[in-house]
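What you see is a predicted model, and the numbers here were worked out from it, not measured in a lab. Naming convention: chains lettered A, B, ... in sequence-line order (proteins, then strands); numbering from 1 in each chain.
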Amino acid sequence: MATGADQAVGMGLVGFSLLLFTYYTIWVIILPFVDSDHVAHQYFLPREYSVILPGIAALILLLCVGTFIGVVTWKNRKPKKVD
Amino acid sequence: MHDSNTIIKFADDTMVVGLITDDDETAYMEEEEGLLTSGLLALKFHIILFTMTKLLEWVFGISVIGAAWALVTFDLLGLRLPEAYREVAWPMPVYLLVVFGCYSLATVGYRVATFNDCEEASKELQAQIKEAKEDLRKKGLKM
């Protein structure tokens, strides 16, 4: 079995994704069928944000990946050999 | 054109009826050759169509689902579905992406947590690396 930190990080990821899945599912699929004066609605942002926030998250992810690739490429640049 | 025989072709090129006279089969042979090439072409076309099928399947499937989604979201047929169903439908592509992302994250996390570490093998390997480095340093290789 994996030890200490590995287990913690792994289970952390599982827990986080379960939480995210549950919250998002309730937001997108269950809320429209709940009366608009129910108390649950106050825990969720307006519906537009259910598309805008993942969009922003995807952009940030792309930015991070691009930056990482850029940094690694910059670090590995070698001057051209002179024969 | 050969005078030795008469050839009747049917509209779909599937049959040739010939009257061969004077034992001169040249026209008939030419006709056969033509049919053979077009037959091979048809076979090639069918082979290409079959090798494309997996991709076509996926594209077809996805466009059917996409069309259904667009129909509900933009109300293209003027069906005027209940408001709740339309509210659920329009974020669907983003929702499916998020669910897929969550599933991937959970799978990676779970496999990291349950990975089989081999402590002794790791220690043994590190000892061997140390030994090899010492050996090479003695032989003059700069580390």
Side-chain angles (χ1 to χ4, degrees), chain A residues 1-69 78, chain B residues 62-129 142-143:
Chain A
M1 278 296 277
T3 50
D6 281 352
Q7 246 179 337
V9 170
M11 282 312 178
L13 280 178
V14 173
F16 172 72
S17 56
L18 271 171
L19 233 84
L20 191 63
F21 171 74
T22 316
Y23 185 83
Y24 200 66
T25 303
I26 296 179
W27 196 5
V28 173
I29 295 188
I30 298 187
L31 270 194
F33 296 103
V34 165
D35 288 327
S36 48
D37 49 358
H38 196 280
V39 72
H41 280 274
Q42 71 188 50
Y43 293 107
F44 297 91
L45 289 163
R47 224 165 155 67
E48 301 76 52
Y49 289 99
S50 73
V51 172
I52 294 174
L53 289 179
I56 295 180
L59 275 170
I60 294 178
L61 181 74
L62 273 174
L63 226 90
C64 289
V65 170
T67 312
F68 176 76
I69 293 176
K78 288 195 183 96
Chain B
I62 290 180
S63 27
V64 165
I65 295 175
W69 173 78
L71 244 134
V72 179
T73 307
F74 304 111
D75 211 11
L76 297 172
L77 285 180
L79 286 173
R80 248 171 298 200
L81 291 160
E83 187 65 28
Y85 291 99
R86 289 211 279 142
E87 287 250 303
V88 172
W90 76 262
M92 262 309 133
V94 180
Y95 175 75
L96 290 172
L97 243 115
V98 171
V99 167
F100 173 70
C102 283
Y103 168 73
S104 308
L105 202 67
T107 309
V108 167
Y110 179 71
R111 293 207 182 149
V112 164
T114 56
F115 193 78
N116 262 324
D117 281 349
C118 337
E119 284 288 327
E120 318 96 45
S122 164
K123 290 206 172 74
E124 193 182 326
L125 188 64
Q126 283 171 342
Q128 284 178 342
I129 291 172
K142 285 212 174 82
M143 284 285 167

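Remark: Phe44(A) CZ is packed, more than 12 non-hydrogen atoms of other residues, nucleotides or ligands lying under 6.0 Å away. Annotation: Phe33(A), atom CZ; neighbour count of heavy atoms from other residues, nucleotides and ligands within 6.0 Å is above 12.
Tyr95(B) places a side-chain heavy atom less than 4.5 Å from the side chain of Thr25(A). For the pair Asp6(A)/Phe115(B), no side-chain contact is recorded, criterion being any heavy-atom separation below 4.5 Å from C-beta on. Arg111(B) has its side chain out of reach of Val14(A): every pair of non-hydrogen atoms, C-beta onward, lies at least 4.5 Å apart.
Closest non-hydrogen pair, Met92(B) versus Val28(A), comes out as CE-CG1, 4.4 Å. In this structure, Val51(A) and Pro91(B) approach most closely via the heavy-atom pair CG2-CB, 3.8 Å. Contact record, Tyr110(B) with Met11(A): CD1-CE, 4.4 Å, taken as the closest heavy-atom pair. Minimum interatomic distance between Arg47(A) and Glu87(B) (heavy atoms only, all atoms of both residues): NH2-O, 2.7 Å.
Looking at Val98(B), the atoms closer than 4.5 Å to chain A (heavy atoms on both sides) all sit in the side chain, from C-beta outward. Heavy atoms closer than 4.5 Å to chain B are found nowhere in Val9(A), neither backbone nor side chain.
Residues of residues 17-24 of chain A that come within less than 4.5 angstrom of chain B, heavy atom to heavy atom, are Ser17(A), Leu20(A), Phe21(A), Tyr24(A) in numerical order. Contacts of residues 64-84 of chain B with chain A at a heavy-atom distance below 4.5 Å involve Ala84(B), listed in sequence order.
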